[in-house]
Amino acid sequence: GGAMTGGGMAGGMACKKEGGGSIIADDGGRNGDKKRIGGAEKVDQQQRAQKQQRSSQSSSHHPFTQWADLAPQLPGRTGKQIRDRWVNYLNPAINHLPFSREDDLRLWRGHSELGKRWVEISVKIFHSARSENHIKNRWYSAAFKKFIAREFGMDAYVDAKAGQ
């Protein structure tokens, strides 16, 4: 496709092109969010949630778990949405780099020991440095399937899935 012109929709948001080539997405006032798509930094309520969550975590010695308590401060967001955003993207302990060969081998070993218990694999095998969502996505990715086929043979991934 070509470049989008003004008036398009992206994920339920109206989009318009601004000077400098960035696109502004407006959700029509539902949540008050405006996001710059393509080049510019995104500005939305979730970044404010990140700051609140960091301050909440740094002020106590135990992990913050009352996500629903933050929801009233972030209109249009549920506690579950705030938690998922933190766990999968905003937590500074999460490694967002591409999976290395060693990571793929650890995932393979973790799956053989624990099955599709992604949270346990995240904690026990990756020491919480990878989110369960990233681990599950990697398991089902074409790149991981190709890696396993090269390392262990064409049928290894299929055999591992059948064993579950």
Side-chain angles (χ1 to χ4, degrees), residues 1-4 8-15 21-23 25 27 30-31 33 35-47 49-50 52-54 56-57 62-71 74 76-164:
M4 182 174 23
M9 292 293 285
M13 295 188 181
C15 296
S22 65
I23 298 171
D27 68 355
R30 287 184 302 240
N31 299 321
D33 292 350
K35 299 179 183 180
R36 290 193 182 274
I37 303 171
E41 182 178 292
K42 293 181 181 180
V43 178
D44 62 14
Q45 292 177 338
Q46 292 169 344
Q47 287 181 335
Q50 175 188 10
Q52 289 175 327
Q53 289 161 358
R54 281 188 181 152
S56 296
Q57 286 194 340
H62 55 82
F64 182 75
T65 57
Q66 300 301 315
W67 300 105
D69 292 347
L70 289 176
L74 299 165
R77 302 283 185 246
T78 66
K80 185 175 192 292
Q81 288 172 319
I82 295 167
R83 180 211 171 268
D84 287 348
R85 182 81 173 147
W86 173 260
V87 166
N88 291 316
Y89 301 102
L90 302 176
N91 183 347
I94 297 292
N95 176 1
H96 294 283
L97 296 173
F99 276 66
S100 67
R101 180 180 188 280
E102 179 182 306
D103 290 335
D104 282 342
L105 291 171
R106 291 166 71 190
L107 173 54
W108 181 254
R109 187 184 84 233
H111 183 272
S112 68
E113 293 173 12
L114 301 167
K116 293 181 183 176
R117 294 189 300 241
W118 308 119
V119 174
E120 286 186 53
I121 292 172
S122 172
V123 172
K124 292 178 180 177
I125 306 299
F126 289 93
H127 309 291
S128 299
R130 297 276 187 181
S131 78
E132 59 267 22
N133 192 50
H134 293 143
I135 291 168
K136 181 178 67 174
N137 288 345
R138 181 62 179 179
W139 175 263
Y140 288 109
S141 73
F144 182 74
K145 292 173 188 176
K146 287 179 187 175
F147 168 78
I148 294 304
R150 282 193 313 270
E151 290 288 318
F152 302 107
M154 293 299 290
D155 295 330
Y157 183 86
V158 175
D159 293 344
K161 275 183 68 177
Q164 296 302 313

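Note that the structure is predicted; figures quoted are calculated from it, not measured.
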Any side-chain heavy-atom pair of [X] and [Y] under 4.5 Å:
X	Y	answer
Y89	H134	yes
W108	F147	no
N133	W118	no

Going from [atom1] on [X] to [atom2] on [Y], what distance comes out if it is rounded to the nearest 0.5 angstrom?
X	Y	atom1	atom2	result
R77	I82	CZ	CD1	8.5 Å
L114	S122	CG	OG	11.0 Å
R138	H111	CZ	NE2	14.5 Å
E113	E120	CD	CD	11.0 Å
F152	L105	CZ	CG	5.5 Å
I135	I125	CD1	CD1	9.0 Å

Flag the pair R101 and D104 as a salt bridge only when some basic side-chain nitrogen lies within less than 4.0 angstrom of an acidic carboxylate oxygen.
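Between D104 and R101 there is no salt bridge, as every charged N stays at least 4.0 Å from the carboxylate O atoms.
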
Considering all heavy atoms of both residues, which atom of [X] and which atom of [Y] are nearest to each other, and what is their separation?
X	Y	result
G79	W67	O-CB, 3.3 Å
S128	I94	O-CD1, 3.7 Å
G115	I121	O-CD1, 3.3 Å
N88	H96	O-CE1, 3.4 Å

So for atom NZ, which belongs to K145, do other residues, nucleotides or ligands contribute more than 12 heavy atoms lying within a distance under 6.0 Å?
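Atom NZ in K145 is crowded, with more than 12 foreign heavy atoms closer than 6.0 Å.
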
Go through it in stages, so that I can follow the logic: the residues are Y157 and W139, the test is ring pair (Phe, Tyr, Trp, His ring centres under 6.0 Å), and I'd like the CA-CA distance, side-chain angles, deciding distance and then a yes or no.
CA-CA 10 Å; Y157 183 86; W139 175 263; 5.0 Å; yes

If you draw the axis of the six-membered ring of F99, does the NZ or CZ of R130 fall within 45° of it and under 6.0 Å from the ring centre?
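Judged by the rule, R130 and F99 form a cation-pi pair.
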
